Structures are given as C-alpha cells and as structure tokens.
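Down below is the structure, laid out as structure tokens.
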Amino acid sequence: MKSSYHPHIMEIIVRVVFVLTLVNFGFLNGQVYDVLKFGAKGDGTTDDSEAFVEAWKAMCSSGGSNKTLLVPSDNTFLLQPLVFQGPCNSPSVQVQLEGKIVAPLNKAAWSDFKSYEWVSFNKIIGLTVLGSGTINGRGSSFWEANMPASKRPTQLHFEGCNNLEINGITSFDSPRNHISLTDCRQVKITQIKLIAPGDSPNTDGIDISTSTDIEIYDTIVGTGDDCVALNSGSINISIARMRCGPGHGISVGSLGKDGEESIVENVQVTNCTFNDTNNGARIKTWPNGKGYARNIVFMDIMLTETKNPIIIDQRYIDKGRIDVEESSAVAISNVTFTDFHGTSRQDEIIKIDCSEVTCCKDIVLDRINITTVDGNKPIVECSNAYGNSTNAYDGCLKTQ
C-alpha cells in the first residue's frame with residue numbers, strides 16, 4: 001500500500017502552525033490592543049471611556065516593547081474625561097489614532113465638565129501618539145457660556161511624559177487649549193493640525209510649561225488664540241515651518257503673573273508664516289513679575305495682514321485686571337527679530353514696550369521688511385529698549 005504522505009502538505013501544516021503561533025504570540029504579548037476588543041462600541045453615542053482605559057491598562061502593564069493601543073478607522077468613539085496613567089512596563093508605547101474621538105455633545109453632557117483635562121497622559125516614558133485620525137472637543141458650549149479658561153478642560157494634556165512624539169493627528173474645537181505639555185522632556189511634535197474658529201476664546205494650540213528640549217515642526221495651527229504659548233520653564237524650544245492663523249501668533253508668556261518668578265530661555269522660531277493673526281512674534285509679561293526671558297530668536301517670518309507683527313509688551317494686563325505701580329519686572333535680554341517680510345493690518349508694525357525697572361537689553365532688529373495694508377508709512381515704537389537695528393529702523397532702540 002502506497003503512503004499518502006506528501007511533503008508539500010506537511011510544509012503547509014508547518015506554515016499554518018507557525019503563523020498561528022505568531023498570531024498567538026502577538027496576542028499574548030499585546031503588540032496591538034484594539035479598543036474594540038475591550039468593549040468599545042465606536043458608534044459615537046455610547047461612552048467608550050472604560051474600554052479605552054481597560055485597553056490602556058492591559059497594554060501598559062505588559063512587558064516587551066512596541067506596544068500599540070489602536071483606535072481603529074471607520075469608528076467614532078465618545079469619551080468622557082479620562083487619564084492614561086503611567087509609568088508602563090514597556091520602554092515604548094504608542095497610541096495609534098485612525099478613527100474619530102469626540103467629546104460629549106455639550107457641557108451639560110460631560111460627566112465632569114469642571115475637569116481641567118479631557119484626555120490626559122501622565123508619567124509615560126517613550127510615548128508616541130500618531131495617526132491620521134481626529135479628536136473633537138465640541139467646545140462651543142463652553143465658549144458660548146463665557147466660562148473662564150481656568151474652568152474649561154484642555155483637550156490633550158501631557159504631564160511628566162519624556163521622549164514623547166505626537167505625529168499626524170488633527171484636533172478640532174477644544175474647550176480650552178488643544179495640547180498642553182507640563183514637566184515633559186525630549187518632545188517632538190510634527191505633521192499635526194489644530195483647528196478652531198478664529199473667534200474661539202482662550203483656545204491656544206500648544207501650551208508649554210516647565211518643559212525642555214521641545215521640537216515643533218511642519219504643523220498647521222489656527223485656533224483663534226496663541227498658536228504656541230511658551231510659559232515659565234520653557235527651555236530649549238524649537239519651532240519651525242508652522243502655519244499659524246487665525247489666532248494670536250506665537251507668544252513667549254504671559255510671564256510673571258501675580259509677582260511670580262518666570263524663566264524662559266533658548267527659543268528659536270524659524271521659517272513660520274502668520275496669516276490673519278492679531279500678533280506675530282510676541283513676548284508678554286505682567287508688571288511686578290520676576291525672572292527672565294532670554295536668548296530668543298524669531299527668524300525668517302512671513303506675515304499676511306498681521307495686526308502686531310513684532311511686539312514686546314511688559315505692561316500686559318489681562319481682562320478684569322487693573323494697572324498697578326511697577327516695582328519689579330521679568331528681565332528680557334538677547335532677543336532677535338530678523339528676516340520679517342509681509343503686511344500689517346495696522347500702521348504700527350513694531351512695538352517694543354519694556355519695563356523701566358529692568359529695560360530690555362540686547363534687542364536686535366535685522367532685515368525687517370513689513371508694509372501696511374493701507375499703504376501708510378509704518379510706525380515703530382520703542383520704550384526702555386537697548387540694542388541694534390540693521391537694515392531696519394534706526395533710532396528706535398537705544399545704544400548701550
């Protein structure tokens with residue numbers, strides 16, 4: 001009797017067993033954690049928060065590397081305020097956002113509308129958030145209620161996250177600022193879009209505080225407020241090739257509020273465009289603050305109908321505040337504005353209004369070519385400012 005054994009059949013069996021082993025190995029070791037497998041519905045109306053948290057806990061507690069929490073495409077996930085808590089056992093984890101994440105329909109539908117953060121990532125090392133998906137905070141009900149910014153939630157909050165990368169995602173209509181970085185180190189943000197109406201209030205694009213070594217490049221930010229706000233503790237910040245507007249430009253500050261000591265240093269903003277913004281390059285400090293802002297460069301900036309193209313404002317007073325007699329100030333020094341081109345919506349194209357307590361020192365205005373939309377002669381104003389103008393507007397800055 002002839003044997004029915006065929007070598008190619010055994011080869012097929014071996015391959016199938018091998019593939020099944022790989023699949024099982026991947027499942028057990030948690031390479032991909034799909035939120036749908038943890039009970040998320042993805043119908044846009046069911047609260048999927050618990051499923052997201054459970055998927056995160058399973059991924060974060062597993063060993064190995066390159067773990068991924070997957071938010072799949074063709075689904076819309078409704079989330080209430082939640083926290084992705086670290087540290088994780090894996091040296092590198094990622095959240096792959098391909099679908100849509102939405103907040104509750106309005107303020108009344110939030111489980112805790114007084115929460116300061118909507119989606120928060122806390123103390124995670126080696127985190128990457130990437131994908132072509134979107135996150136929508138449905139913030140209009142917060143704006144329309146005229147709620148103070150401090151009472152509204154941030155869309156994406158990262159705290160204590162080192163070696164962080166954010167890539168590709170799009171954020172819409174945050175109740176407050178879209179992304180905040182606090183106590184983070186070694187961060188790269190690229191290819192993202194942050195979008196909100198031009199009149200939305202206190203909806204900064206990216207807020208940075210007590211964080212160092214941050215790179216932001218090839219981004220589109222138009223949120224109605226600061227495209228980037230560099231608050232105290234922002235050190236070694238690089239922003240390049242950002243399309244900013246509508247909004248309030250890129251701001252250092254505000255610094256020194258309520259007499260606080262603030263520090264910002266080593267900032268480079270290069271090759272950025274400002275379209276229909278209320279400010280371009282701005283440094284703003286409160287009277288009676290302390291600390292310093294130094295070693296700051298704004299270079300190769302293109303302006304389109306920008307209201308205040310270059311501004312240092314050391315008399316910054318926010319809404320509801322009254323002016324006070326100044327006894328101290330944040331010290332501003334070594335600030336360069338170079339290669340500015342484009343148009344201003346108002347005649348005053350440069351305003352450098354510094355504190356008479358500390359004065360601004362080592363300010364450079366170089367190759368400034370800004371015209372006014374109405375064709376009037378540009379106006380330049382400097383007060384208590386020392387430095388040099390080259391091919392710009394001689395006589396504005398005092399020489400030391």
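All values derive from a computational prediction rather than experimental measurement.
The shortest non-hydrogen separation linking D183 to N162 is O-OD1, 4.0 Å. What you find for L397 and I352 is that their closest heavy atoms are CD2-CD1, 4.2 Å. The minimum heavy-atom distance between F52 and A40, with the atom names listed, is CE1-CB, 4.5 Å. Across all their heavy atoms, M147 and K107 have their closest contact at SD-CD, 3.2 Å. Across every non-hydrogen atom of P309 and I370, the tightest pair is CB-CD1, 3.7 Å. Nearest heavy-atom pair across Q31 and S65 is NE2-O, 4.4 Å.
With rounding to the nearest 0.5 Å, the separation of CG in N231 from CD in E260 is 10.0 Å. To the nearest 0.5 Å, the span separating CG on L230 from NZ on K284 amounts to 10.5 Å. Rounding to the nearest 0.5 Å gives a distance of 11.0 Å between CD1 of I332 and CG of N384. Distance check: I166 CD1 to I189 CD1 gives 4.0 Å after rounding to the nearest 0.5 Å. In this structure, CD1 in I208 is found 6.0 Å from CD1 in I239, a value given to the nearest 0.5 Å. Between T336 atom OG1 and N334 atom CG the span is 6.0 Å, to the nearest 0.5 Å.
Inter-residue side-chain proximity for N106 and S140 is flagged as unmet; no heavy-atom pair is nearer than 4.5 Å. Between V330 and I283, every side-chain heavy-atom pair lies at or beyond the 4.5 Å cut-off. With contacts defined as side-chain heavy-atom distances shorter than 4.5 Å, the pair T358/Y292 does not qualify. Under the 4.5 Å side-chain criterion, counting only non-hydrogen atoms from C-beta, I179 is in contact with F158. Residues I349 and V380 have side chains in contact (heavy-atom distance under 4.5 Å, counting atoms from C-beta outward). Side-chain contact check for Q96 versus L130: some heavy-atom pair is nearer than 4.5 Å. For the pair D48/L79, a side-chain contact is recorded, criterion being any heavy-atom separation below 4.5 Å from C-beta on. Counting heavy atoms from C-beta on, the side chains of I192 and T170 never come closer than 4.5 Å.
Side-chain N/O atoms of S61 and N89 include no donor and acceptor closer than 3.5 Å. Using modelled atom types, one finds no donor on one side chain facing an acceptor on the other under 3.5 Å when comparing E159 with N122.
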Any chance you could lay out the side chain to side chain donor-acceptor pair (under 3.5 Å) test for E117 and T154, step after step, and finish with the verdict?
CA-CA 5 Å; E117 292 94 28; T154 293; 5.6 Å; no
Should R367 and D339 be marked as a salt bridge (Lys or Arg N to Asp or Glu O under 4.0 Å) after you check the CA-CA gap, both sets of side-chain angles, and the distance that decides it?
CA-CA 5 Å; R367 297 192 294 276; D339 288 305; 2.8 Å; yes
Just do the side-chain contact (heavy atoms from CB on, under 4.5 Å) check on L194 and I206 with the steps written out, would you?
CA-CA 9 Å; L194 309 178; I206 303 171; 3.7 Å; yes
Apply disulfide bond (SG atoms under 2.5 Å apart) to C227 and C244, showing your working.
CA-CA 6 Å; C227 292; C244 172; 2.0 Å; yes
Starting from the C-alpha separation in whole Å, work towards a yes-or-no answer on salt bridge (Lys or Arg N to Asp or Glu O under 4.0 Å) for R345 and D276.
CA-CA 9 Å; R345 290 208 310 266; D276 193 26; 2.9 Å; yes
Report the C-alpha separation of V364 and T390 in whole Å, then their side-chain angles, then the decisive distance to 0.1 Å, and conclude whether the side-chain contact (heavy atoms from CB on, under 4.5 Å) test is met.
CA-CA 8 Å; V364 175; T390 305; 5.6 Å; no
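Looking at C360, S355, C382 one by one, the single match for side-chain contact (heavy atoms from CB on, under 4.5 Å) with I312 turns out to be C360. With S174 as reference, Q155 is the one residue of R152, R138, Q155 to meet the side-chain contact (heavy atoms from CB on, under 4.5 Å) rule. With S251 as the fixed residue, the side chain to side chain donor-acceptor pair (under 3.5 Å) test singles out one of D313, D226, D204, D225: D226. Across L164, L156, T210, I216, a single residue satisfies side-chain contact (heavy atoms from CB on, under 4.5 Å) together with L181, and that is L164.
Checked by atom type and distance alone, the side chain of T203 never pairs as donor or acceptor with a backbone atom of R176 at under 3.5 Å. Judged by distance alone, the side chain of T285 and the main-chain N or O of G256 form no donor-acceptor pair under 3.5 Å. A donor-acceptor pair is defined here as one N or O able to donate and one able to accept, closer than 3.5 Å; such a pair exists between the side chain of S328 and the backbone of G289. At least one donor-acceptor pair under 3.5 Å links the side chain of S90 to the backbone N or O of S92. With hydrogens and angles disregarded, no donor-acceptor distance shorter than 3.5 Å links the side chain of T134 to the backbone of K100. For R282 (side chain) and I311 (main-chain N/O), no donor-acceptor pair under 3.5 Å exists by modelled atom type. Side chain of S211 to main chain of S209: a donor-acceptor pair is present (N/O by atom type, distance under 3.5 Å, no hydrogens or angles). Without hydrogens or angle criteria, S120 side chain to V83 main chain gives no donor-acceptor distance under 3.5 Å. S200 contributes a side-chain N or O that, together with a main-chain N or O of T223, makes up a donor-acceptor pair within less than 3.5 Å. For the pair T68 (side chain) and L70 (backbone), a donor-acceptor distance under 3.5 Å is absent.
For the cysteines C354 and C359, the sulfur (SG) atoms lie at a distance of at least 2.5 angstrom from each other.
Between F298 and F337, the two ring planes are parallel [angle under 30°; tilted spans 30° to 60°]. Using cut-offs of 30° and 60° for the angle between ring planes, the W56 and F84 rings count as tilted.
In this structure, D374 places its CG atom where more than 12 heavy-atom neighbours from other residues, nucleotides or ligands lie under 6.0 Å away. Enclosure of atom CD in E98 by more than 12 non-hydrogen atoms of other residues, nucleotides or ligands within 6.0 angstrom is indicated. For CD of E50, the number of neighbouring non-hydrogen atoms (other residues, nucleotides, ligands) closer than 6.0 Å is 12 at most.
I263 and I214 fall into different hydrophobic clusters, where Ile, Leu, Val, Met, Phe, Trp and Tyr side chains are chained together by heavy-atom contacts under 4.5 Å. Residues M302 and V221 fall into different hydrophobic clusters, defined by Ile, Leu, Val, Met, Phe, Trp and Tyr side chains chained together at heavy-atom separations under 4.5 Å. Using a 4.5 Å cut-off between side-chain heavy atoms of Ile, Leu, Val, Met, Phe, Trp and Tyr, with links allowed through other members, W110 and I101 fall into the same hydrophobic cluster. Grouping the Ile, Leu, Val, Met, Phe, Trp and Tyr side chains by contacts below 4.5 angstrom, directly or via other members, places F121 with I169. Under a hydrophobic-cluster definition in which Ile, Leu, Val, Met, Phe, Trp and Tyr are linked whenever side-chain heavy atoms come within less than 4.5 Å, directly or via other members, Y33 and V53 are assigned to the same cluster.
Look at R241 and D218 and you find a salt bridge, because one of the NZ, NE, NH1 or NH2 atoms lies within 4.0 Å of a carboxylate O, short of that distance. Using a 4.0 Å cut-off between charged side-chain N and carboxylate O, K188 and E165 make no salt bridge.
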